[in-house]
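Order of the sequence lines fixes the chain letters, A, B, ..., with proteins taken first and strands second; residue numbering starts at 1 for each chain. Values below: all heavy atoms of this structure, side chains included; hydrogens, waters and symmetry mates excluded.
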Amino acid sequence: MAGNVWVLAEQWRGQLSEITYEVLALGKELATALGCDLQAVLLGHNVKPLAASLGKADSVLCLDHSALATPVAEIFAHALTPIIRARSPQAILMPLTNVSLGVASLLAEELGIGCVNFCRDVRAVDGSLQTRSVLYGGKMEAIVKPAQRPAILGILPGVRPPDEGLAETVPPIEDVTVDVQESSSIRWKRYIEPEIGDVDISKQEVLVSVGRGLQSPDNVAVAAELAEALGGAVCGSRPVIDQGWLPLSRQVGKSGVVVKPKLYLAAGISGAPEHVEGMKNSELIIAINTDEQAPIFHVAQYGIAADVMDLLPALTEAVRSRKEVKSHA
Amino acid sequence: MKIIVLLKMVPDVVEELEVAADGKTLDSEFLRLIANELDAQALEEALLLKEKYTGTVTVVSLDAPEVDDALFTALAKGADRAIKITGGDGALGTRAGAYLLAQALSTIQGLLPADLILTGAQAIDDLDGLTAPLISHLLRLPQLGIVTKVSVDTAAGVATVLREFPGGVRGEYEIKLPAVLGIQAAEKPPRYVPVAKVRAAMKSQVIHSVPAPMMADGGVALLQVAAMAKPEVTEHAQMLRGSPEEIADQLCEILAARGLV
Ligand SMILES: Cc1cc2nc3c(=O)[nH]c(=O)nc-3n(C[C@H](O)[C@H](O)[C@H](O)COP(=O)(O)OP(=O)(O)OC[C@H]3O[C@@H](n4cnc5c(N)ncnc54)[C@H](O)[C@@H]3O)c2cc1C
Ligand SMILES: Nc1ncnc2c1ncn2[C@@H]1O[C@H](COP(=O)(O)O)[C@@H](O)[C@H]1O
């Protein structure tokens with residue numbers, strides 16, 4: 001008999017990540033289509049209380065061990081390998097975030113099975129699994145079929161709305177004994193918290209976000225003027241931060257901050273999956289990019305195919321004069 | 001200290017990408033390949049480490065169009081040796097590529113043991129896994145990914161590294177050398193090298209071509225790409241057209257309707 005569908009319930013620093021619910025919602029669809037159960041697998045130390053909120057799954061396997069308190073991919077892979085061997089699930093869905101990245105590849109090699117990355121969707125087609133995976137910074141998609149089962153599927157954030165992965169019921173929880181050791185070659189030391197910036201971009205209602213298309217650090221001031229006219233703040237994509245044009249506290253995305261402002265104006269940003277996961281839930285997204293094919297136009301409601309440096313000053317001007325008219329009215 | 005940097009050629013996504021007639025791969029006619037962006041970060045980190053602790057940096061690539069340009073650029077920036085592994089299947093997936101690289105590293109004279117093997121944290125074209133964990137598994141070395149800072153205690157044979165987590169949080173680890181690290185960002189933006197210097201490197205330096213090793217246990221791709229296409233445009237932004245001033249006015253209307261101006 002074919003095994004169940006598993007979802008790795010991602011927890012980080014004692015809390016379940018939002019993506020866990022997104023992936024549970026997807027897992028439920030797959031399990032239903034394949035006629036099997038959905039099982040959530042929770043790994044960590046002292047994490048059992050979290051299992052209660054995984055009711056979307058038919059049951060939860062809880063792997064609790066002190067060695068799992070440290071975020072090291074090889075320890076997680078070692079803990080999961082014998083359990084997967086023993087219970088042979090047919091698909092293992094893993095969140096592809098900065099927390100879990102790396103576990104899927106190691107686990108797949110230890111088990112000698114395949115893994116498919118960057119899944120934007122997974123479906124059961126005629127009883128087989130098929131993914132839609134993102135390539136080339138979001139510019140292409142591939143329809144991929146894992147060659148065998150079980151397969152490990154790395155799931156991108158946003159695969160389903162997280163609400164769909166919530167359930168009122170408390171699932172049956174099974175404690176699974178794991179035999180793992182701390183790594184002999186990797187020693188965990190500590191978390192380093194980000195420096196608190198001058199503004200908390202997650203609390204801003206308006207964000208003018210700049211990317212590499214801004215061309216020069218001197219142009220950040222032009223974006224800042226627009227942000228000021230709109231009563232918001234400037235933030236940016238990773239390259240802008242890596243090059244030191246803006247501080248790390250202003251980075252939006254996978255490694256940065258997740259934002260949901262009323263307006264997100266993306267200027268010169270291509271819309272790579274790692275950026276999009278940090279801003280896709282903004283209420284209104286407007287994108288400016290010279291490349292009409294840029295993936296950012298798939299998440300924006302309004303788009304302008306133009307040079308940022310032509311548009312930003314014109315927009316600042318228009319916003320200012322409208323505000324002036326309003327204040328005189 | 002001996003450092004190996006793995007460098008992968010990937011399509012330049014600034015260019016238009018088209019799907020080939022087979023419907024499953026990119027049309028190579030329009031393709032321009034460049035070194036994966038994060039590999040430039042890995043190379044920079046390697047060069048910074050070399051400057052700090054002395055040592056050598058060897059860059060290793062599988063053969064691909066334009067790879068010589070990328071390797072000469074690495075040499076011009078300060079890498080000591082460039083190795084190109086020829087005769088492998090050009091269209092390897094990540095898993096098969098990692099098997100080939102691991103085999104090559106183990107069999108090419110003078111490469112291993114190295115203190116550090118650096119890769120980019122991730123390439124923009126991988127479907128079937130990540131090279132750093134794969135190579136670490138095959139070579140039985142410890143590995144950490146999404147790394148942004150490396151400092152080495154050569155006497156103790158350990159490196160202290162920072163790894164990224166969400167929200168700007170970083171984790172500090174100590175890892176025993178030799179180790180594999182997937183580099184996300186070097187401590188400084190990658191250095192710029194003028195074209196003239198790359199040309200000079202082309203004249204004065206060499207790329208060592210080494211035939212791909214015989215594979216005892218060749219990793220195969222455990223997946224099948226059934227089709228490739230540009231993302232479905234079920235949802236596409238409504239495009240605003242006109243002069244910058246006209247567009248600015250349209251945008252103001254949209255913002256005003258939502259009470260944002
Ligand atoms: C593990 C990991 C974590 C990551 N975390 C993050 C993260 O937290 N945040 C993040 O943003 N990225 C992150 N990235 C990087 C991400 O993959 C992309 O590389 C990055 O988002 C690209 O930034 P960009 O859009 O500014 O640059 P590019 O992709 O280079 O895009 C620049 C865009 O500007 C356009 N352009 C050029 N000139 C102009 C002009 N004059 N006017 C208008 N448009 C112009 C171009 O057409 C292009 O679309 C991460 C990557 C990895 C592997
Ligand atoms: N064919 C290759 N040749 C050299 N290095 C590679 C190759 N494939 C992957 N790498 C390295 O591994 C990194 C991550 O690639 P990937 O695992 O494909 O995401 C790349 O940035 C390179 O540093």
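- Heavy-atom distances place the side chain of B:Thr160, and not its backbone, under 4.5 Å from chain A.
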**Q.** A:Gln130 and B:Gln224: CA distance, side-chain angles, deciding distance, side chain to side chain contact (heavy atoms under 4.5 Å, CB included) verdict
**A.** CA-CA 10 Å; A:Gln130 187 172 295; B:Gln224 184 207 335; over 6 Å; no
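- The one candidate from B:Asp125, B:Ile124, B:Leu26 that meets the side-chain contact (heavy atoms from CB on, under 4.5 Å) condition with A:Met140 is B:Leu26.
- Contacts of A:Ala300 with chain B are made by both backbone and side-chain atoms, with heavy-atom separations under 4.5 Å.
- Using a 4.0 Å cut-off between charged side-chain N and carboxylate O, A:Glu292 and B:Arg241 make a salt bridge.
- The parts of A:Ala305 that come within reach of chain B are both its backbone and its side chain, each placing non-hydrogen atoms under 4.5 angstrom from that chain.
- Using a 4.5 Å cut-off between heavy atoms, A:Pro71 contacts chain B through both its backbone and its side chain.
- Heavy-atom pairs under 4.5 Å with chain A were tallied for B:His137, B:Gln184, B:Met228; the largest tally goes to B:His137.
- For A:Ile286, the part lying near chain B is the side chain, with the backbone staying farther off; criterion is any non-hydrogen pair under 4.5 Å.
- Residues B:Ile247 and A:Leu315 have side chains not in contact (no heavy-atom distance under 4.5 Å, counting atoms from C-beta outward).
- In this structure, chain A has a heavy atom under 4.5 Å from the side chain of B:Ser136, while its backbone stays farther away.
- No other option in A:Glu283, A:Lys323, A:Arg238 has as many heavy-atom pairs under 4.5 Å with chain B as A:Arg238.
- Heavy atoms of A:Glu277 lying under 4.5 Å from chain B are absent altogether.
- Note: B:Glu164 CD to A:Ile192 CD1 = 12.0 Å, rounded to the nearest 0.5 Å.
- Contact annotation for B:Val19: both backbone and side-chain heavy atoms come within less than 4.5 Å of a heavy atom of chain A.
- Put simply, of A:Arg212, A:Glu205, A:Gln251, A:Glu317, the one with the most heavy-atom pairs under 4.5 Å next to chain B is A:Arg212.
- The closest side-chain heavy-atom distance from B:Val225 to A:Ile143 is not below 4.5 Å.
- A side-chain donor-acceptor contact under 3.5 Å links B:Arg163 to the backbone of A:Asn98.
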Q: Please step through salt bridge (Lys or Arg N to Asp or Glu O under 4.0 Å) for the pair B:Glu172 and A:Arg187, ending with a clear verdict.
A: CA-CA 9 Å; B:Glu172 190 180 56; A:Arg187 198 160 67 83; over 6 Å; no
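- Counting heavy atoms from C-beta on, the side chains of B:Pro166 and A:Thr97 never come closer than 4.5 Å.
- Atoms CD and CD, on B:Gln143 and A:Glu74 in that order, are 8.0 Å from each other to the nearest 0.5 Å.
- When the shell of 6.0 Å around CD of A:Glu193 is examined, it contains more than 12 heavy atoms from other residues, nucleotides or ligands.
- Contact check for A:Ser185 versus B:Leu141: no side-chain heavy atoms found under the 4.5 Å cut-off.
- Interatomic distance, B:Phe165 CZ to A:Tyr191 OH, rounded to the nearest 0.5 Å: 5.0 Å.
- The residues A:Lys139 and B:Glu16 are annotated as not salt-bridged, no charged nitrogen and carboxylate oxygen being separated by less than 4.0 angstrom.
- Chain B forms the most heavy-atom pairs under 4.5 Å with one residue out of A:Ser255, A:Ser202, A:Ala229, and that residue is A:Ser255.
- In this structure, chain A has a heavy atom under 4.5 Å from the backbone of B:Glu18, while its side chain stays farther away.
- Interface residue A:Val319: backbone and side-chain heavy atoms are both found under 4.5 Å from chain B.
- Of all the heavy atoms in B:Ala248 and A:Ala318, the pair that sits closest is CB-CB, 3.8 Å.
- A:Lys189 contributes no side-chain N or O that, together with a main-chain N or O of B:Gly171, makes up a donor-acceptor pair within less than 3.5 Å.
- Minimum heavy-atom separation, B:Val169 to A:Pro194: CG2-CD, 3.8 Å.
- Minimum interatomic distance between A:Ser184 and B:Lys176 (heavy atoms only, all atoms of both residues): O-NZ, 3.3 Å.
- By the 4.5 Å heavy-atom criterion applied to side chains, B:Glu174 and A:Ile186 are not counted as neighbours.
- Counting heavy-atom pairs closer than 4.5 Å to chain A, the top residue among B:Glu245, B:Glu37, B:Arg258 is B:Arg258.
- B:Gly129 approaches A:Asn117 most closely through the heavy-atom pair N-ND2, 3.4 Å.
- In terms of heavy-atom pairs under 4.5 Å with chain A, the best-connected choice from B:Ser243, B:Ala159, B:Pro142, B:Ala98 is B:Pro142.
- Listed for the A:Ser105 side chain is a donor-acceptor partner under 3.5 Å among the backbone atoms of B:Leu130.
- For the set B:Gly259, B:Pro189, B:Ala229, the entry with the most heavy-atom pairs within less than 4.5 Å of chain A is B:Ala229.
- If you measure heavy-atom distances from B:Leu17 to chain A, the contacts under 4.5 Å come from both the backbone and the side chain.
- Taking 4.0 Å as the cut-off between side-chain N and carboxylate O, A:Glu109 and B:Arg95 count as a salt-bridged pair.
- Contacts between A:Arg13 and chain B at a heavy-atom distance below 4.5 Å involve the side chain alone, from C-beta outward.
- Ranked by heavy-atom pairs under 4.5 Å with chain A, the first of B:Ile254, B:Leu260, B:Thr148 is B:Ile254.
- To the nearest 0.5 angstrom, A:Phe118 atom CZ is 8.5 Å from B:Leu127 atom CG.
- Within a 6.0 Å radius of NZ in B:Lys2, more than 12 heavy atoms belonging to other residues, nucleotides or ligands are found.
- Put simply, of A:Asp307, A:Leu230, A:Thr70, A:Leu284, the one with the most heavy-atom pairs under 4.5 Å next to chain B is A:Leu284.
- In this structure, the side chain of A:Tyr136 does not engage the main chain of B:Val10 through any donor-acceptor pair within 3.5 Å.
- Considering CG of B:Leu255 and CZ of A:Arg322, their distance stands at 8.5 Å, rounded to 0.5 Å.
- Comparing B:Lys24, B:Gln250, B:Gln122, B:Gln41 by how many heavy-atom pairs each has under 4.5 Å with chain A, the most go to B:Gln122.
- How far CG of B:Leu223 is from SG of A:Cys115: 8.0 Å, rounded to the nearest 0.5 Å.
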